[in-house]
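Structure first, commentary second.
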Amino acid sequence: MQSQSRSTVYDVCIVGSGAGGGMAAYALTKAGARVALLEAGQMWDPLKDGAMLKWPYDSPRRGASTRERPFGEFDGCIGGWQIDGEPYTTAPGTQFNWWRARMLGGRTNHWGRISLRFGPYDFQRKSRDGLGDDWPITYDDVKPWYDEVDKLVGIFGSVEGLPNEPDGIFHEPPVPRCYERLASNAAKKLGLTVIPSRLSIITKPHNGRAPCHYCGQCNRGCMTNSNFSSTGVLIPPAQKTGRLTLMTNAMAREVTLGRDGRANGVSYIDTRTRRDAHVQARIVVLAASACETARILLNSKSSTFPNGLANSSGTVGKYLTDTTGTDVSGFIPKMMDMPPHNEDGVGGMHIYMPWWLDNKKLDFPRGYHIETWGGRGMPSAGFMGGIHRYPKGGGYGASLKDDYRRYYGSTIGFSGRGEMIPNDGSYCEIDPSVVDQYGIPVLRFHWRWADHEYLQVKHMQETFRAMIAEMGGQVFSPMPTREQGYGIANGGAIIHELGGARMGNDPKTSVVNANCQAHDVKNLFVTDGAPFVSQADKNPTWTILALSMRTSDYIAQMRKAGSL
Ligand SMILES: Cc1cc2nc3c(=O)[nH]c(=O)nc-3n(C[C@H](O)[C@H](O)[C@H](O)COP(=O)(O)OP(=O)(O)OC[C@H]3O[C@@H](n4cnc5c(N)ncnc54)[C@H](O)[C@@H]3O)c2cc1C
Ligand code: SF4
């Protein structure tokens with residue numbers, strides 16, 4: 001943590017250094033603001049601290065997961081489903097998982113880099129099918145910012161001209177691998193749309209960064225800075241301006257309010273000394289991730305805002321959504337005994353299947369996209385998910401090794417990622433009786449899926465099973481029943497939680513306006529996923545980045561005009 005004088009008043013204090021906070025720090029320092037960036041986690045530099053070049057046998061654990069690295073010990077993200085000393089609770093009957101990062105750059109140190117623009121329909125869903133709410137902005141309002149993010153960060157993909165899958169400014173995409181070609185053929189036979197994937201990985205030199213060398217280890221942190229992380233792409237140029245004061249191990253407790261009703265800074269705890277401290281700032285930007293931002297607002301109580309800051313509408317914590325998700329995997333005999341072949345590529349899928357059907361002809365609203373996985377990843381602990389699942393697989397000694405060689409790369413998997421509609425039963429609030437190790441009240445989650453989501457996930461299961469059958473394969477598990485929720489993942493489990501401080505034109509039903517500025521507190525902004533009005537069937541981070549850049553530009557304009 002850098003030291004700062006008690007009397008320093010920053011132009012802006014940003015809370016959180018992930019996608020939303022990193023982008024705000026980049027754009028605001030570039031625009032001339034002196035910024036204090038509070039980050040609860042530790043310092044991290046993917047170029048030095050990443051494990052991209054490690055072999056599983058470099059560790060006696062062979063890459064197995066740990067509590068703070070649930071996706072494997074070499075993973076680039078410190079955090080997880082549970083963080084020691086920082087609990088959250090769930091209401092009776094609720095199943096909700098909350099994945100939190102605790103490091104500079106947040107979850108962008110691991111994320112899948114699937115970088116999709118929301119389409120024109122996604123901002124105006126209520127007008128199309130009557131469910132949920134429209135955003136107060138349209139695709140055309142965000143398009144210039146998506147373009148700027150594409151140019152700054154770099155993304156590969158292909159120009160397709162599909163109606164609700166807007167094209168971007170793309171680098172050349174990598175070609176599909178063997179198993180992706182087979183999946184693509186099967187999908188096309190069943191009438192699905194298959195296009196090259198869109199990932200924020202650069203395939204040619206870009207803004208001083210080297211192109212991807214196809215080592216396939218993106219989740220470990222890229223040591224050549226060829227994929228997007230806030231830590232690799234946004235924080236360093238912000239630091240170069242000389243206007244960024246980075247404060248790590250700084251856990252924000254609440255936004256403080258001046259007598260004039262304006263935010264005047266953020267109080268936080270130094271997690272190493274456990275001392276309370278305060279940063280003074282003229283403008284506060286919250287980007288601690290959607291639910292954590294709702295928590296900070298709800299914990300920022302005052303006589304003006306007894307129910308939490310900027311919460312005169314009572315909607316802070318409400319309209320929470322996550323992506324719907326389910327997976328199906330299977331064994332494809334024709335991929336068995338495959339001669340060695342080149343499967344080099346990025347650490348993510350090379351093909352993408354966007355939503356392809358008309359909901360008017362279906363028994364559920366809104367769509368989903370399909371992610372494909374398989375192939376010959378680097379063997380490590382948990383390799384192939386259990387040889388006993390394959391016909392005649394198992395045993396010991398030479399025949400076991402032989403089975404592993406024969407079956408290596410013959411698995412295919414499909415994951416559906418769909419749009420949930422916000423409902424009254426899915427929200428977070430402050431638990432009245434539990435605090436974390438710093439004495440800060442924690443969140444309690446309530447979650448409910450509706451038939452909309454269950455029936456959508458049933459459709460995913462049926463589609464994926466049909467694709468594996470089309471490939472001549474055998475699915476590993478039986479079709480989940482209605483009682484099993486058709487295999488729907490728990491709320492939060494897909495790690496796309498959004499909402500909690502949604503945007504809108506009406507201060508009675510929303511927390512922030514179309515510029516992500518709090519209706520109740522003019523100098524308070526939110527630049528993570530909390531202002532999202534709806535999910536879309538796309539992963540959210542490209543939209544978080546675009547909106548954060550757009551809000552930062554608005555702040556810069558207002559500062560110039562002297563109106564903040
Ligand atoms: C395994 C995985 C795969 C994913 N894949 C994709 C994908 O392919 N595409 C996609 O679009 N999205 C993906 N995501 C989601 C993506 O990572 C998030 O949407 C994105 O990182 C959200 O950005 P954010 O700034 O809101 O939050 P984060 O990136 O989580 O950053 C929040 C930061 O705030 C800090 N913080 C929290 N509380 C406080 C506090 N009180 N005080 C100070 N600091 C605080 C945290 O430590 C963290 O560093 C994935 C996520 C995971 C974990
Ligand atoms: S696959 Fe490319 S972007 Fe990913 S870690 Fe390797 S070099 Fe970096």
Side-chain angles (χ1 to χ4, degrees), residues 14-24 37-42 44 46 50 52-53 70-71 75-81 83 86 99-116 154 156 174 197-203 209-232 247-254 266 268-269 271 286-293 295-296 299 323 344-349 371 417 436 438 440 494-498 526-530 532 538-545 548:
I14 301 170
V15 180
S17 64
M23 179 58 88
L37 178 57
L38 294 187
E39 167 51 54
Q42 64 190 62
W44 183 262
M52 183 178 88
L53 299 172
F71 296 109
D75 195 80
C77 196
I78 302 164
W81 300 108
I83 297 180
E86 294 185 44
W99 209 100
R100 289 166 292 171
R102 286 289 177 262
M103 65 196 299
L104 190 67
R107 288 174 287 175
T108 69
N109 291 293
H110 167 113
W111 73 306
R113 276 92 189 178
I114 300 171
S115 302
L116 304 167
F156 71 70
S197 60
R198 295 171 172 181
L199 270 60
S200 46
I201 294 171
I202 53 176
T203 57
R209 292 157 51 210
C212 173
H213 55 268
Y214 302 124
C215 73
Q217 301 302 330
C218 288
N219 65 321
R220 294 179 172 196
C222 183
M223 298 175 85
T224 54
N225 212 14
S226 310
N227 62 22
F228 173 72
S229 67
S230 171
T231 358
M247 302 179 189
T248 47
N249 300 97
M251 175 71 73
R253 180 200 288 276
E254 65 176 293
V266 178
Y268 68 92
I269 292 160
T271 60
L286 293 181
S289 79
C291 301
E292 191 77 38
T293 284
R295 179 186 178 205
I296 294 170
N299 277 329
T323 293
D344 287 355
V346 302
M349 63 198 190
E371 300 174 7
R417 298 288 180 254
D436 67 11
Y438 310 111
I440 306 174
I494 307 299
I495 324 182
H496 289 164
E497 66 284 354
L498 299 173
V526 179
T527 65
D528 51 25
F532 278 49
K538 328 281 192 309
N539 312 44
T541 309
W542 218 241
T543 304
I544 292 176
L545 289 167
S548 176

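Both backbone and side-chain heavy atoms feed into the values below; hydrogens, waters and symmetry mates do not. Counting convention: from 1, in listed order, for ligands and their atoms alike.
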For the side chain of S197 and the backbone of M349, is there at least one donor-acceptor N/O pair under 3.5 Å apart? yes
With sequence neighbours left out, what residues match R253 under salt bridge (charged side-chain N to carboxylate O under 4.0 Å, His left out)? D276
For atom 6 (Fe) of ligand 2, which protein N/O/S atoms fall under 2.8 Å? Skip waters. C215 SG
If the condition is ring pair (Phe, Tyr, Trp, His ring centres under 6.0 Å), which residues does H496 pass it with, not counting sequence neighbours? none
Heavy-atom donor-acceptor pair, T108 side chain to S230 backbone, under 3.5 Å: yes
Indicate yes or no: at least one non-hydrogen side-chain atom of R113 is less than 4.5 angstrom from one of S200. yes
Could you state the interatomic distance from CD1 (I296) to CG (L38), rounded to the nearest 0.5 Å? 9.0 Å
Any sub-3.5 Å donor-acceptor pair from N225's side-chain atoms to G232's backbone N or O? yes
Strictly below 4.0 Å, N to O, side chains only: are R295 and E86 in salt-bridge contact? no
Just list the N/O pairs, ligand 1 to protein, that are under 3.5 Å apart, with the distance for each.
unit_1   : atom_1 : unit_2 : atom_2 : d
ligand 1 : 5 (N)  : G112   : N      : 2.8
ligand 1 : 8 (O)  : G112   : N      : 3.3
ligand 1 : 8 (O)  : R113   : N      : 3.3
ligand 1 : 8 (O)  : I114   : N      : 3.0
ligand 1 : 9 (N)  : I114   : O      : 2.9
ligand 1 : 11 (O) : I114   : O      : 3.4
ligand 1 : 11 (O) : P540   : N      : 3.4
ligand 1 : 11 (O) : T541   : N      : 2.9
ligand 1 : 11 (O) : T541   : OG1    : 2.8
ligand 1 : 12 (N) : T541   : OG1    : 2.8
ligand 1 : 19 (O) : T541   : OG1    : 2.9
ligand 1 : 25 (O) : A19    : N      : 3.0
ligand 1 : 25 (O) : G20    : N      : 2.9
ligand 1 : 27 (O) : R107   : NH2    : 3.4
ligand 1 : 29 (O) : R107   : N      : 3.1
ligand 1 : 30 (O) : R107   : NE     : 2.7
ligand 1 : 30 (O) : R107   : NH2    : 3.4
ligand 1 : 41 (N) : A252   : O      : 3.2
ligand 1 : 42 (N) : A252   : N      : 2.8
ligand 1 : 44 (N) : A40    : N      : 3.0
ligand 1 : 47 (O) : E39    : OE2    : 2.6
ligand 1 : 47 (O) : A101   : O      : 3.0
ligand 1 : 47 (O) : R102   : NH1    : 3.4
ligand 1 : 49 (O) : E39    : OE1    : 2.7
ligand 1 : 49 (O) : E39    : OE2    : 3.1
ligand 1 : 49 (O) : M103   : O      : 3.1
ligand 1 : 49 (O) : G106   : N      : 3.3

Can you tell me if T293 uses its side chain to pair, donor with acceptor, with the backbone of A288 under 3.5 Å? yes
